[in-house]
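Worksheet: one structure, shown below.
Numbered from 1 within each chain, the chains take letters A, B, ... in sequence-line order.
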There are 2 protein chains.
Amino acid sequence: MATPLPRDPIADARLNWERHGWSDVAAPMAAITAIMRTQQILLARIEGVLKPFGLTFARYELLALLSFARSGALPMNKASALLQVHPTSVTNAVDRLQQAGLVLRSPHPTDGRTTLIELTPEGRTLAKRATAALNSEVFAQSGFAEHDVDQLIGILGTFRRNAGDFSE
Amino acid sequence: MATPLPRDPIADARLNWERHGWSDVAAPMAAITAIMRTQQILLARIEGVLKPFGLTFARYELLALLSFARSGALPMNKASALLQVHPTSVTNAVDRLQQAGLVLRSPHPTDGRTTLIELTPEGRTLAKRATAALNSEVFAQSGFAEHDVDQLIGILGTFRRNAGDFSE
DNA sequence: TCCAAACCCTTGGATGTCCTAGTATATTGC
DNA sequence: GCAATATACTAGGACATCCAAGGGTTTGGA
């Protein structure tokens, strides 16, 4: 981001909403807009850290997911469900990771429809290094106070449950 | 999203982080991941409401911004700064909005480098209708408790200021 | 048994975002 | 006044995401 703006554009938008008689929804509008912008900032930081590893966030997420799987392999549909992205996005990420030699596709032993994604040794190593970088350069300096982190986890957890992400 | 997962995937990721000895950054990691996922859910809802209007969120944001400008016109660089997106994204959005007859490009009266984006009457009308739809179908049913909305606005406002979005 | 319905993955198309350059216009400094 | 620098927008390319559609595999009910 170049120069900071003199005023918070989201607070201004909220004022505009109130001025137009939409006071009842101005606050949620501001909160939602703030979430969008915060995501954008965080994503940019993460991508910046991952770039030297030749990874994007989407590819990193898949690599990290595989590295936590007991066998180091997962069916594509499982990965799609856990990462909560469209199956085509997983196909895309696997294509590129495979081309980079970080994962392999292998047939499912009993279900001919299913493809397993498997971490290569190089993939496992890179996942470790990238995770260490993200931990120290992004998560350890998130810019959120400790108490705010807990608040966010609680508020967004409730939201995600209500949105149907998970049952428990 | 199809079926809810039996368990919260982000809580699981946090447990994995703790199991690997990264307890100190597990909470911020979970908070950041939750923000990413929440943004994805909200964006999908918004796009769903805007689709019948032939708008995407990016185009709507630009339309809404123009509708609040006194003159109904803004320089492209101003729009880029206020929406906090790359100038090329604004070019892209303006191209499509212009093709749909919702905005016009006009030369800046004194600065030959600058292009003004101007709302057409159709653009203004559509912005109003789309805003009404978003207000009633998304913002009025955000899924956040009133108290949580205030928490989010505060926490994310501080974050955005620290990230250099605005000074005040 | 067997065929229709369900499921899994991929391809192709549309959008949006960013980055890097390139062109045109303004501003600054000598 | 003129050259060097800065600013504004756009073109082209890389990625990611989603949707719609297609081809192969499994499952389940008639």
What's the closest nucleotide to the [X] side chain, out of [options]?
| X | options | answer |
| --- | --- | --- |
| T91(A) | dT25(D), dC9(C), dC18(D) | dC9(C) |
| N92(B) | dT26(D), dA24(C), dT17(C) | dT17(C) |
| R59(B) | dA16(D), dT17(C), dG16(C) | dG16(C) |
| T115(A) | dA11(D), dG16(C), dC9(C) | dC9(C) |

Find the distance [X]:[atom1] to [N]:[atom2] and express it as a whole number of Å.
| X | N | atom1 | atom2 | result |
| --- | --- | --- | --- | --- |
| D95(B) | dA14(C) | CG | P | 16 Å |
| Q98(A) | dC9(C) | CD | P | 14 Å |
| Q39(B) | dT17(C) | CD | P | 11 Å |
| Q84(B) | dT17(C) | CD | C1' | 15 Å |
| F57(B) | dA14(C) | CZ | P | 24 Å |
| N77(A) | dT25(D) | CG | P | 16 Å |
| L63(A) | dA16(D) | CG | P | 13 Å |
| L83(B) | dG16(C) | CG | P | 13 Å |

Please test R96(A) against Q99(A) for side chain to side chain donor-acceptor pair (under 3.5 Å), starting from the C-alpha separation and ending with a verdict. CA-CA 5 Å; R96(A) 299 170 192 280; Q99(A) 194 172 354; over 6 Å; no
Phosphate contact ([N] OP1 or OP2) by [X] side-chain N/O below 4.0 Å:
| X | N | result |
| --- | --- | --- |
| R105(A) | dT10(C) | yes |
| T114(B) | dA8(D) | no |
| T88(A) | dT11(C) | no |
| R96(B) | dA14(C) | no |
| H108(B) | dA8(D) | no |
| R113(A) | dG23(D) | no |

Under 4.0 Å between any heavy atoms, over every strand shown, what does T110(B) touch: base, sugar-phosphate, or nothing? Just pick one. sugar-phosphate
I35(A), I153(A): one ILVMFWY side-chain cluster at the under-4.5 Å cut-off? yes
Is it the case that the side chain of Q84(B) and the backbone of Q40(A) share a donor-acceptor pair, with hydrogens and angles ignored and the cut-off at 3.5 Å? no
Spell out, as yes or no, whether a donor-acceptor pair under 3.5 Å connects the side chain of T131(A) to the backbone of A127(A). yes
Stepwise salt bridge (charged side-chain N to carboxylate O under 4.0 Å, His left out) check, R161(A) with D8(B): CA-CA 8 Å; R161(A) 188 188 310 110; D8(B) 177 359; over 6 Å; no
With nearest nucleotide decided by heavy atoms, which residue, T56(B) or K51(A), maps closer to the 5′ end of DNA chain C? T56(B)
Name the residue closer to the 5' end of DNA chain D, choosing between P87(B) and D111(A) according to the nucleotide with the nearest heavy atom. P87(B)
Pairwise side-chain contact, F68(A) with H20(B), heavy-atom cut-off 4.5 Å (strictly under): yes
